[in-house]
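See structure below.
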Amino acid sequence: MTRETALWRRLIGARARGQVAYPVSFLLQLFSTSLLFFVELAVVALMFRQVDRLGGWRLAEVAFLYGLSAVAIGVALCLGSGLVAFPDQIRQGGFDQVLTRPASAFVQVLAADLRLDRLGRVLNGLIVFGYALVVLDVEWTAGRLLYLPVVVVSAAVVFGALFVLEATLCFWTTQGLEVVNAFTFGGATLSQYPLHLFDGWLRRLFLFAIPVGLVIYAPSLYLLDKHDPLGLPGWLRFTAPLVSALFAAVAGSLWRVGVRHYRSTGS
Amino acid sequence: MGSGDGGEPMVVARGLGKTYRVATHRGGALGALRGLVDRSGRDVRAVDGVSFTVDRGEMVGYVGPNGAGKSTTIKMLTGILVPSDGEATVDGLVPWRQRKALAARIGVVFGQRSQLWWDLALVESLDLLRHVYRVPKDRFAINLAGLRDLLDLDPFLATPVRQLSLGQRMRGDLAAALLHDPAILYLDEPTIGLDVVAKARVREMLARLNRERGVTVLLTTHDLADVEHLCRRMIVIDRGRLLFDGAIDELRRRFGPHRTLVIDLEDGDPAPAAGPFCPGVDWVRADGPRRWLRFDRDAVPAADLIAAVAARHRVRDLTIEEPAIEDIVRRIYTEGMGTP
Amino acid sequence: MAPTESPPLPPIAGEEGLGGVGGLTTPVRLYLAVAQRSFRRHLAYRAATLAGLFTNAVFGVLIASVFTALYRSRATEGGGERIAGFDVAEMLVFVWVGQSLIMVLHLWGWWDVAQAVRSGDIVSDLMKPFDFYAYWLSRDLGRAACHVLVRFVPTMALGMLLTDLALPRSPLRWVAFAVSVLLGLLVAFAFRFMVNVSAFWLLDVRGVGYLAYSAVNFLSGFLIPLTFFPPWLRGIAEALPFRAMVMLPAEILLAKRPVAAALGVQLLWAVALTLLARAVLNRAIRKLTVQGG
Ligand SMILES: Nc1ncnc2c1ncn2[C@@H]1O[C@H](COP(=O)(O)OP(=O)(O)OP(=O)(O)O)[C@@H](O)[C@H]1O
Ligand SMILES: [Mg+2]
């Protein structure tokens, strides 16, 4: 386990080094990229020119959701670059070579690509997140302070697991399936808003099938001390780490089934 | 366990078979979605009950026409694919059950694809592989020094892999496959796309490798000159079935029984261009003063034939030609294994 | 029939007839043939189409829900029925027009020309006896025609199925809308083309890609109607060509503007951007021929 982590760090490090060869220009690029993502937040802000509260939430509270969601998917996108690039790798036969090496196939796939420019989204999320934390008048109890980082990590894990599932699908289809975008990027967009704005199948989909709502909206109810119009059980606010671990475990097992399928079919 | 003991063969394959299920493509793109639920399709029997063994230190050519099942066999013997039927061990391990353990003991080169990091310098790629294969630092230093010498890597060790020529890249890939002292090296078309000089160079390196380090080599190629230069033994498969397994000399004897005596005559000698010379020996071709006499290697001793020819004709020079292995294999591909 | 089997560039029918002795094969026919092939090719990408429709449906419902919630919140706060000049029904039309037009206009993710630049294929394309810009435009028009069929119409239908979308019934407005979308496409294509051609100068077009993506999303009205903007920002947005892509067609469909004036603005931008794109292309070609790329 530690050995695989060390290997991952080394492989990723080799890819990162070239991209940050000029740190100043890299940071500038990151910053300008992050600015571009502000248009999404601008849309939220423009809506709040018309109302004080959207579904009972104020701008700073929605900004909190936005920041959380952007950081989570940004981290997952960046660290999961290899998963996003997996359709190409499998189509070009690169996965065969992965299997000829005495190391975890997953670690090798994960480290097969790294797109640091995707950190622009993380930076953008962090800025918005910082703004929200400053403006919000939440009482930062020890419980909230401790839970906040757990929630961020949990949300990133859920998005990461979604990318694992997307990659796993390639073992059967050998090509990327765009449908998954509706879940990953749809989930990212949806989680920028309070979940109770949505109803019917959309809400159920992103609450129970793809637990984005359980790791962003539900914990935020606790963190921001909000009333829950959906009437979800109170303890659901505290299940983010458990949910993300379970979801990751499911994605991980499906990945292993996928690898076995590949090895038995050669597809 | 198992490794290092000279007695047991390096590779044992018994009745190895692989059936691919190929989804029948409907209307192109919908198939991607349908493929998830609907597993119908047709079966392709890529490898069909192949058995052979490879001894330690041996260098075996594994040849066959396109689609014969060579790469599939190699993928099963490396643990990339699980066979549909049959058994195999490599260095005492079952490849598809002990994939990671085996991976540390084998080296694989797919000529069509590099395993090096495209945007890193060759030496950095090799260093990363050191970690992947957990090669101790001092061992790595010794091996790298040896490989730099053997494969002449120094001129491009610091060059990004994407800028290497095909021949350089192949040498880099060979180095990558050898860093961890594998007991066996699988080479799937290692000379593909190389020019004559680069080919000769790779061959010479492989020969040295086998000679000096005793690495077992299983080699697939479409250039039979590779096999002729490197291997004493050859396995021929076609449509997944093993057609021949034995010494190359044996192949010649069985499928190319005719040798050719090429004679340069003095001017004016009336030797015919075609027709019988004596039982088992025929004139087959003429070009200026040069004549070709085909004879059966078992029926007619070469020395006797030369004496007989010299007695009847004025001979300036002569040579004996063996049938080109390429011609024999081409005949096997096109005509199958029927009596030659 | 598999999409991967179609050649990257369609063989050009009657290429040699161009300016030839017969004079029967006019350039127009050539470009028509190019557009036709492109149309058929895109018709074959069925899995991608289904996946895309699913994504449109999810995002359409998602954005529609947010706007509906906005109107509800406004009502609880005692505000009027109209926000930024639209009532909630009109806003739904706006949202679904945006979703339906994504692929017709190909708002993002079009890198064909940049790839040709990077791979060097562009050299052989430039040597062919046709107008490079017109050739790619024909391809894009064929593609867009296909996407009207397989993306615009079904996405609108999904909108009606999944939300309370009610579309205008006046045929005349739909005709005006169609013309407006065509002009919007000319603008969108010219813009995309310029972004692609910047690959001649930039090693990595990713940054330009992000910039273009954000500008189109925000300033075209795709994410939110420009009428939501504060006056200063609206002034900027209305001075830029992006609104010709989504905002003006949607406003024409919803009868928010005099049709002739709106179409006139679009036409001006279409002409201006096309000329500009061609000028940029000529510069790029000069760089290619003078400096060897
Ligand atoms: N992943 C796969 N899925 C389905 N069929 C496959 C797959 N890989 C190979 N095949 C089929 O199996 C057969 C054997 O293929 P293989 O690649 O082993 O041949 P080969 O001897 O290496 O050929 P070549 O000399 O062309 O490399 C061929 O008919 C091929 O089409
Ligand atoms: Mg092969």
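Letters go in sequence order (proteins before strands), and every chain restarts at 1.
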Let me know if B/Ser114 has heavy atoms under 4.5 Å from chain A in its side chain, its backbone, both or neither.
->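 Contact with chain A: backbone only.
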
Heavy-atom distances under 4.5 Å only: say whether B/Trp96 touches chain A with side chain, backbone, both or neither.
->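 Looking at B/Trp96, backbone and side chain both touch chain A.
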
Taking atom [atom1] as the centre, does [X] end up with more than 12 heavy-atom neighbours from other residues, nucleotides or ligands that are less than 6.0 angstrom away?
{"X": "B/Arg213", "atom1": "CZ", "result": "yes"}
{"X": "B/Gln163", "atom1": "CD", "result": "yes"}
{"X": "B/Arg239", "atom1": "CZ", "result": "no"}
{"X": "A/Arg115", "atom1": "CZ", "result": "yes"}

Assess whether side chain to side chain contact (heavy atoms under 4.5 Å, CB included) is satisfied between B/Arg21 and A/Thr265, documenting all intermediate values.
-> CA-CA 7 Å; B/Arg21 189 151 190 87; A/Thr265 59; over 6 Å; no

Among B/Leu128, B/Asp119, B/Leu129, residue most engaged with chain A (heavy-atom pairs, under 4.5 Å) |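 Going by pairs under 4.5 Å, I would pick B/Leu128.
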
Among the options B/Gln112, B/Glu124, B/Gln115, pick out the one with the most heavy-atom pairs lying under 4.5 Å from chain A.
->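 Of B/Gln112, B/Glu124, B/Gln115, B/Gln115 has the most heavy-atom pairs under 4.5 Å with chain A.
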
Which heavy atom of [X] sits nearest to which heavy atom of [Y], and what is that distance?
{"X": "A/Pro102", "Y": "B/Ala104", "answer": "CB-N, 3.9 Å"}
{"X": "A/Gln97", "Y": "B/Arg113", "answer": "NE2-O, 3.2 Å"}
{"X": "A/Ala103", "Y": "B/Val132", "answer": "CB-CG1, 4.3 Å"}

Contact part of A/Val107 toward chain B, heavy-atom cut-off under 4.5 Å: side chain, backbone, both or neither?
->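 Neither part, no heavy atoms under 4.5 Å.
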
Contact origin within A/Arg260 toward chain B - heavy atom pairs under 4.5 Å |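 Answer is neither: A/Arg260 stays 4.5 Å or more from chain B.
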
Checking side chain to side chain contact (heavy atoms under 4.5 Å, CB included) against A/Asp96, which of B/Leu81, B/Asp188, B/Ile80 comes through?
->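 Output: one option passes, namely B/Ile80.
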
Could you pull out all residues at least two apart from B/His180 that satisfy ring pair (Phe, Tyr, Trp, His ring centres under 6.0 Å)?
->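 Result, ring pair (Phe, Tyr, Trp, His ring centres under 6.0 Å) vs B/His180: B/Tyr133.
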
Could you tell me the separation between the [atom1] atom of [X] and the [atom2] atom of [Y], rounded to the nearest 0.5 Å?
{"X": "A/Arg10", "Y": "B/Arg130", "atom1": "CZ", "atom2": "CZ", "value": "6.5 Å"}
{"X": "B/Arg99", "Y": "A/Arg263", "atom1": "CZ", "atom2": "CZ", "value": "6.0 Å"}
{"X": "B/Tyr186", "Y": "A/Thr100", "atom1": "OH", "atom2": "OG1", "value": "11.0 Å"}

Considering only heavy atoms and a distance below 4.5 Å, find which of A/Ser104, A/Ala105, A/Ala112, A/Gly13 pairs most often with chain B.
->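 Among A/Ser104, A/Ala105, A/Ala112, A/Gly13, the one with the most close pairs to chain B is A/Ser104.
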
Please assess A/Arg101 against B/Lys100 for the test side chain to side chain contact (heavy atoms under 4.5 Å, CB included), listing each intermediate value before the final yes or no.
-> CA-CA 7 Å; A/Arg101 295 177 181 156; B/Lys100 280 203 222 169; over 6 Å; no

